[in-house]
Amino acid sequence: MSRTSEDILERETPAAEGLARVELEALRNATSLAHEYSPVFLREAGLYPYRAANGQVRLALADPSRRDAINAILLTLPPPVELRLAKAEEIELMLDSLAHAEHEASENQAPAASESGSEEDVNSLRDLASGAPVVRFLDEVFDRAIGMRATDIHIEPLGTEAQIRIRVDGMLRTLPPPRTGNVAARALVSRVKILSSLNIAERRIPQDGRMRIKVRNRDFDLRVATMPTTHGEAAILRLLDRSTKAVDFDQLGFNRRDEALLKRALNLPHGMLIVTGPTGSGKTTTLAGALGSLDHATRKVLTIEDPVEYQIGGVSQSQVRPAVGLTFASALRAFLRQDPDVIMVGEIRDSETAKIAIQAALTGHLVMTTLHTNTAAAAITRLVDIGVEPYLIASTLTVILGQRLLRVLCPDCKRGYAVGSQELDADPRLIALDIKPGTRLHAANGCERCGHSGYRGRRAIFEVLEVTEGVRKLILAGADDAAIEKQARAEGMTTMMEDGREKCLAGLTTVDEVFRVASFR
C-alpha cells in the first residue's frame, strides 16, 4: 500500500467534506469485493469495498468516524485504496443485492418441495429449511432487523414471492425480498418453525412458539406466531432484547401533575393501578419503570408476565406457562400465599384474573396491571364487561393510565419553522390544537442516520385518570366512558392529544405524528 491505513484516515477522515462522494449508479457498475467479508461486519460498520471501472480499489463508507473498522478492512485490501463517502442506505442496498445474488445461485441448486402434505414433502421441506441458503438468509434478516432497531419481523408469502417487513418505531418497512418462488417462502417459515419447536408438518392452523437467538453479541427472545393464508403460511416474530434495562420512572415523560399523581398512587399500601392501550403502546415499559421506582428493600414485589421483557433488580418475576397450568389466574392465587406487598399482573384477559386481582387489591395489596382499551376511562367499562361489579371497581381502583407511542423527531435533521396564517388556513388540525400564529414547531426532514424517515426513537403520550370521589360516584351510578372522562378532565386530567400538543411545542415530535396515534374525543 502506498500509504498506511492510518495515513489514509489521518488525511481523509477528519471531516466528511474531505472525501469524494460516490453515487449508487457508480457502485452498481463497479465490481464488488464485499463477498470476501462478513456481511454482518460490513452492515454494522457501513462499509462496501469495490473495484472501480478503471481497476482502482475503493472503499465506500457511510461514517468516517468508524476508524477501527475502516483500519481493519484497509489492512486486507490490496493497495492503493481510495476512500469514498456513500449514503448508508446505498451501502445497504448494495449489500442486499449481493446477498440476493448469492441466495439465487444457491436456491437454483436446491431441490424443490412439492405442494402435497406427504411425509416425503415434509422431509424435503425440512431439509430445505435446514440448508445453508435458508439459514444464511434468515440470519441476515435477524441481523438487519436488530441493526435497524426493529421490534417485529413479518414473513409473508405473496404469490410466488416472500415479502419481509420489519417494524421500526412502530412503522412497517419492507426489506428487499428473496427473489425466489413460493418454495423459498415456505422454507423460511419452516426454518422459523424448526427454531421455535413448532410442528413443521401442520400448515392448516395457527401456531405459537418461542425461540432464543444471539445476534451482535446480544441475546434475544422471540415470540413466534404463524398463520395460514391463501398463499401459504405467514410468520410474525416479536423481538425482545434480554439485555434491555427498565427505563427510569423519571424518564418516561410524564408532566408534573401526572408524575406526582402516579408517585402518590405507587406509595399507597393497597389499591389497583391500570395501564391501558393497544398492543405495542409501551404499557409493559411503563409498568417496569414504575416497579423500578419502588423501595424494594421494604416492599416485596411479585410479577407474573407473558413474557418477562425487563429484568428488574429486587423483584421476583415469573412467566406464564399455560402448558403446565401456570396462568395469570393461578399465579395470582399463589402470590397471595407469598406475603407480597406489590403484585404486577402482565394483563387482565378474563373474568377470573380480574376478580382475583380485585380481591388482592381489597385485601391490602397494591396491584398493577394492563388492559387493552382505547382510553383510560374505557378501562372501567371493560372491567364491568368481563364481570367485575361496579362497587368493587369503585372501592379498589386508584389510577388509570392511558398511553400511546409516537415517533420522536431525529435530532440531526429536524427542521424548525414558525407557524404562519397560511399554515393555519391549510391545516385545521393546528387550530384544533390551539396553535397560534408565530408558534414554533418542527418538521421531519430525513437524513442517513434516521433512514430518511425524519424520526428516530419513540416516546409515550399519556392521560392519567385519578379515581376521585366524583369519579367513584359515576362508576357506582353506571355512567359511560364519556361522562367519566368529562368529570376527570374537569378535575385536571389532560388527554393524550393535549399531552401530544405539549410535546410538539417542545420540539419532540410533529402534529402529523400526534394525529396518527391519538384523536380528539
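Quick caveat, the model's predicted, so the values are computed rather than measured.
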- Do Met493 and Glu466 come close enough that some side-chain heavy atom pair is under 4.5 Å? no

- Query: Do Lys503 side-chain atoms and Glu498 backbone N/O form a donor-acceptor pair below 3.5 Å?
  - Reply: no

- Query: Checking salt bridge (Lys or Arg N to Asp or Glu O under 4.0 Å) for the pair Arg144/Glu92: CA distance, chi angles, key distance, verdict?
  - Reply: CA-CA 9 Å; Arg144 292 202 61 198; Glu92 287 277 346; 3.2 Å; yes

- Task: May I ask you to decide if Ala69's main-chain N or O and Arg66's side chain share a donor-acceptor pair within less than 3.5 Å?
- Result: no

- Task: Step through the shown structure and confirm whether more than 12 heavy atoms of other residues, nucleotides or ligands are within 6.0 Å of CG on Asp241.
- Result: yes

- Message: Could you measure the distance from the CG atom of Asp219 to the CD1 atom of Ile213? Nearest 0.5 Å is fine.
- Response: 9.5 Å

- Item | Any Thr31 side-chain heavy atom under 4.5 Å of Tyr50 side chain | no

- Task: Locate the shortest heavy-atom distance separating Arg489 from Thr495; write the atom from each residue and the value.
- Result: NE-CG2, 3.7 Å

- Message: Test salt bridge (Lys or Arg N to Asp or Glu O under 4.0 Å) on Glu82 and Arg84; report intermediate values, then the result.
- Response: CA-CA 7 Å; Glu82 294 182 358; Arg84 292 290 186 269; 2.8 Å; yes

- Decide side-chain contact (heavy atoms from CB on, under 4.5 Å) for Ile166 and Asp152; before the verdict, give the C-alpha distance in whole Å, the side-chain angles of both, and the deciding distance to 0.1 Å. CA-CA 6 Å; Ile166 59 175; Asp152 302 89; over 6 Å; no

- Item | Closest heavy-atom pair and its distance - Ala379, Thr276 | CB-CG2, 3.7 Å

- Message: To the nearest 0.5 Å, what is the distance between CG on Asp499 and CD on Gln403?
- Response: 10.5 Å

- Task: Using modelled atom types only, decide if a donor and an acceptor are shared between the side chain of Glu513 and the backbone of Arg407 within a distance under 3.5 Å.
- Result: yes

- Message: Does any part of the side chain of Leu83, heavy atoms only, come nearer than 4.5 Å to the side chain of Leu74, both counted from C-beta?
- Response: yes

- Query: Cut-off 3.5 Å, side chains only: do Thr285 and Tyr310 have a donor facing an acceptor?
  - Reply: yes

- Least distance between heavy atoms, Leu266 atom then Ser293 atom: CD1-OG, 3.8 Å

- Message: Could you check whether Arg210 pairs with Asp221 (Lys NZ or Arg NE/NH1/NH2 to Asp/Glu carboxylate O, under 4.0 Å)?
- Response: no

- Are Leu85 and Leu61 close enough that some pair of their side-chain heavy atoms sits under 4.5 Å apart? yes

- Message: Quick one, Arg349 with Asp306, criterion salt bridge (Lys or Arg N to Asp or Glu O under 4.0 Å). Give me CA distance, side-chain angles, the key distance, then yes/no.
- Response: CA-CA 12 Å; Arg349 297 176 179 174; Asp306 183 25; 3.1 Å; yes

- Would you say Lys436's side chain and Ile431's backbone share a donor-acceptor pair under 3.5 angstrom? no

- Take Ile146 and Arg218, measure what side-chain contact (heavy atoms from CB on, under 4.5 Å) needs, and give me the verdict at the end. CA-CA 10 Å; Ile146 289 164; Arg218 292 157 59 193; 3.7 Å; yes

- Message: Between Val464 and Arg257, does the side-chain contact (heavy atoms from CB on, under 4.5 Å) criterion hold? Intermediate values first, please.
- Response: CA-CA 9 Å; Val464 180; Arg257 179 258 181 193; 4.0 Å; yes

- Task: Decide yes or no for Leu291 and Met344: does some side-chain heavy atom of the first lie under 4.5 Å from some side-chain heavy atom of the second?
- Result: yes

- Taking Arg501 for the side chain and Leu433 for the main chain, is one N or O donor matched with an acceptor at less than 3.5 Å? yes

- Message: Minimum heavy-atom separation for Cys447 and Asp412, please, with both atom names.
- Response: SG-CB, 4.3 Å

- Query: Can you pull the ring pair (Phe, Tyr, Trp, His ring centres under 6.0 Å) pairs that have at least one residue in residues 432-465, sequence neighbours excluded?
  - Reply: Phe254-Phe462

- Query: Within a strict 4.5 Å, meaning less than it, do heavy atoms of the Gln56 and Pro80 side chains meet?
  - Reply: yes

- Query: How far does CD of Glu90 sit from CG of Leu24, to the nearest 0.5 angstrom?
  - Reply: 5.0 Å

- Query: Are side-chain heavy atoms of Gln317 and Ile312 found at a separation under 4.5 Å?
  - Reply: yes

- Task: Spell out, as yes or no, whether a donor-acceptor pair under 3.5 Å connects the side chain of Thr286 to the backbone of Gly282.
- Result: yes

- Item | Sequence-distant partners of Asp143, side-chain contact (heavy atoms from CB on, under 4.5 Å), two or more places apart | Val40, Arg43, Val215, Arg216

- Message: Donor-acceptor check, side chain of Asn255 to backbone of Asp258, threshold 3.5 angstrom: yes or no?
- Response: yes

- Sorted by chain and residue number, the side-chain contact (heavy atoms from CB on, under 4.5 Å) partners of Asp512 (sequence neighbours excluded) come out as Arg429, Thr510

- Main-chain N/O of Arg186 paired with Ser190 side-chain donor or acceptor, under 3.5 Å: yes

Let me check something: any side-chain donor-acceptor pairs from residues 413-422 under 3.5 Å, sequence neighbours excluded? List them with distances.
residue	atom	partner	partner atom	Å
Lys414	NZ	Gly507	O	2.9

- Hey, are Gln319 and Glu305 close enough side-chain-wise for a donor-acceptor pair under 3.5 Å? no

- Task: Measure the CD1-CE distance between Ile236 and Met227 for me, rounded to the nearest 0.5 Å.
- Result: 9.0 Å

- Message: Keeping Thr369 on the side-chain end and Ile274 on the backbone end, is there a donor-acceptor pair under 3.5 Å?
- Response: no

- Query: What distance separates Ile164 CD1 from Glu140 CD, expressed to the nearest 0.5 Å?
  - Reply: 10.5 Å

- Task: With the side chain counted from C-beta on, respond yes when Asp250 and Lys263 share a heavy-atom pair under 4.5 Å apart, and no when they do not.
- Result: yes

- Item | Asn374 backbone acceptor or donor facing Arg404 side chain under 3.5 Å | yes

- Under the ring-ring contact (aromatic ring centres under 6.0 Å, His included) rule, collect the residues that match up with Phe220, sequence neighbours excluded. none

- Any side-chain donor paired with an acceptor under 3.5 Å for Glu463 and Thr494? no

- When every non-hydrogen atom of Val22 is compared with those of Ala60, the smallest separation belongs to CG1-CB, 4.2 Å

- Task: Go through Leu93 and Ile91 one step at a time and tell me if the side-chain contact (heavy atoms from CB on, under 4.5 Å) criterion holds.
- Result: CA-CA 5 Å; Leu93 287 172; Ile91 290 177; over 6 Å; no

- Item | Results of side-chain hydrogen bond (donor to acceptor under 3.5 Å, both in side chains) for Arg382 - residues two or more places apart only | none

- Item | Spacing of Ile155 atom CD1 and Thr226 atom OG1 [to the nearest 0.5 Å] | 11.0 Å

- Query: Do you know the tightest heavy-atom contact between His296 and Val301?
  - Reply: CD2-CG2, 4.0 Å

- Pair Glu347-His372, side-chain donor/acceptor within less than 3.5 Å: yes

